[in-house]
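Down below is the structure, laid out as structure tokens.
When a residue number appears, it is its place in the shown sequence, counting from 1. Atoms within a ligand are numbered from 1 in the order they appear, just like the ligands themselves.
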Amino acid sequence: MARYIGEQSRREFLKLAGLAAASGLVASCAGTAATGKGNKDKPNIIFIIVDDMGWADLGCYGSKEIKTPNIDRMAAEGIRFTQAYSGCTVCAPARSVLMTGMHMGHTSVRANTSGMPLLTEDVTAAEVLKQAGYACGGFGKWGLGDVRTMGVPEKQGFDEFFGYYHQIHAHDYWTDYLWHNSRKVHMRGEKGSGERYTHYLIFEKTLEFIRKNRDRPFFCYAPWTPPHGKYQIPEDEPAWRIYKDKDWPRDAKVAAAMDTMLDRHVGEVLDLLKELGIDEQTIVFFCSDNGAAERFDGVLDSSGPLRGRKRDMYEGGIRVPMIVRWPGQIKRGGVSEHIWYFADVMPTFAGLAGACEYMPKEVDGLSVVPTLLWQRGRQKRHEYLYWEWHLYDWKKRRNVPNGLMQAVRMGKWKVVRHRTDEAFELYDLENDIGEQNDLAGRYPEIVAKAESYIRKNRVEPRPQIEPEMLEGKMFR
Ligand SMILES: [Ca+2]
């Protein structure tokens, strides 16, 4: 695969740059001028975010065992990022960062307990795009407000949302019901069958929304739930047949099959865009919401060379695969080392949609549109990126004392600590991607700088209310 500058000819580069300039897609939404284009220039945005897929679970990210030909092709036709990050190391807060454009020191939902939904005053990426004339639909797992709260997606900018509202509900692929705009949709058919397998229904609804909105700008948010455990898959799922007889632990086989199933569905989304004639009007993102839930070391090696996994502040918890494809606009086969994270998604959407004026001023993110369009000189870079997550004691129903985990990335440096009463560790990611060699003792001034960013750029989260009960059962 081509590196960022390489196999593309200069002539083609100039053509792409010209296209981008002509269509006004140069806004960074963080200082440079916003675009104000008419509807015909607003690309459709499809954001596929799968659940707990590891950084190394795709062929194009080095997986040797998991078959992902469609996503690999998507990367070959678009741009693949090697240093893209989630907003957090677990589901709900990661999505809060994504939806609000604010990092974990500022965003509203900072825990997986559902003890705090998005509030009315929170401005989501969907609300920004809605004001710019987009139809907004979501299909999969929401996690930012349960039914009967102000955090539900249809009160946060979405015209429709089909799937799970509570992330713990989303653990079960053969649940009794899903939600459609807070209306309960009962699942028919036999439990354990493909007929009732929730991902199939969520995928169908995703395609239906794209078909329905083909003639107008749309934002299709697809927070699909595989390969998150429970590791459940229909016996007759074609992807399952590839792995079912492998000599691996069952969970690893199901996780691999879920990835290959997702891959087929990504391919079908791309095929649909061609069928509808909107391939070149549509930018498609593919990423994971946080690191691998299980590493499956020696079998799938889902974190690759990275340390840790989901729930860690090490790279294995927060670094994610990120691929973006937009025929005619994004150079084919690019690989970028640009460092960015979910807080940058809202400004990127706003830049694409000419919607910068609708974005709250407080966002922490920076648009990556210049990087997508190969205008590297225009790309603004973060002074620092910030993550935190507070460990929760489910028995005592409160945060673990001193259990706040924090991480800061500054250029090649990564500062991390696992509790507030422990010292920070420091790693040089350029030379030590596996975070093995703690340099905090040698460079105390780098650690001090990270601490000063944290002090200046973090506020306490809103107080959590009691974790929610749903159908009389507490989800955890
Ligand atoms: Ca997740």
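- The residue from Tyr341, Tyr453, Trp413 that alone fulfils the ring pair (Phe, Tyr, Trp, His ring centres under 6.0 Å) condition with Tyr384 is Tyr453.
- Of the angles at the Ca ion (ligand 1), the one spanning OD1 of Asn290 and OD1 of Asp289 is 80° when given to 10°.
- For Glu190, the CD atom is loosely surrounded, since the number of other residues' heavy atoms within 6.0 Å does not exceed 12.
- Glu77 and Arg73 are joined by a salt bridge, as a carboxylate oxygen and a charged side-chain nitrogen come within less than 4.0 angstrom of each other.
- Ring centroid separation for the pair His418 and Tyr314 comes in under the 6.0 Å cut-off.
- Residue contacts to the Ca ion (ligand 1): His228 brings no N, O or S atom closer than 3.0 Å.
- The Ca ion (ligand 1) forms the vertex of an angle spanning OD1 of Asp51 and OD1 of Asp52; to the nearest 10 degrees it equals 80°.
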